[in-house]
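As structure tokens, the structure follows; a few thoughts come after it.
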Amino acid sequence: MKSALLLAFVTLVVFCSGLTAPACVCDRRECEIVNEVDCPGQGIVVWDPCKCCQECAKTEGEPCGGELGFSGTCEPGLSCQQPGRTPAEGTCRPIGLDGDGDT
């Protein structure tokens, strides 16, 4: 019985150690050059979550937020609203639609 519990515990530890959050690894040579004219919506350029490369801000209906913000930042006038109770990826929607104002 003890060996079965020990095996289950070791398996759980090994499994959980394989689950890692996205990490910032910045190599500016790999950044694409992004101009406002390349961006849809309001043409807003923002820094990525790692503050390494620039990217287009997300427009209405696009995914945003996510783990550590890796799914993007909404453009001004929009907030990243979660469709459910999980703190995962949301969708850019007009501010005030559901009372939340998290970008």
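No experiment lies behind these values; they were computed from the predicted model shown.
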#### Entry: Polar side chain donor-acceptor pair, Thr59 to Glu75, under 3.5 angstrom
no
### Message
Regarding Cys26 and Cys50, I want to know if their SG-SG distance comes in below 2.5 Å, which is how I'm defining a disulfide.
### Response
no
### Summary
Residues Glu55 and Pro49: closest non-hydrogen pair is OE2-CD, 4.2 Å
### Task
Of all the heavy-atom pairs spanning Leu78 and Lys58, show the shortest one and how long it is.
CD1-O, 4.0 Å
### Task
Could you tell me which non-hydrogen atom of Asp38 sits nearest to which non-hydrogen atom of Ile33, and how far apart they are?
OD2-O, 4.1 Å
### Query
Is any side-chain heavy atom of Val46 less than 4.5 Å from a side-chain heavy atom of Ile44?
yes
### Query
When Glu60 is tested against each of Pro94, Pro40, Cys74 for side chain to side chain contact (heavy atoms under 4.5 Å, CB included), which residue passes?
Pro94
### Message
Looking at Cys56 and Cys39, is the distance between their SG atoms under 2.5 Å?
### Response
yes
### Task
With the side chain counted from C-beta on, respond yes when Cys52 and Cys24 share a heavy-atom pair under 4.5 Å apart, and no when they do not.
no
#### Entry: Cysteines Cys64 and Cys80 with SG distance under 2.5 Å
yes
### Query
Does the pair Cys53 and Arg28 meet the rule for a side chain to side chain contact (heavy atoms under 4.5 Å, CB included), with working shown?
CA-CA 7 Å; Cys53 302; Arg28 292 186 189 266; 5.7 Å; no
### Task
Might you point out which heavy atoms bring Glu62 and Ala57 nearest each other, and give the distance in Å?
OE1-O, 4.3 Å
### Query
Where is the tightest heavy-atom contact between Gln82 and Glu89, given as atom of each residue plus distance?
NE2-C, 4.1 Å
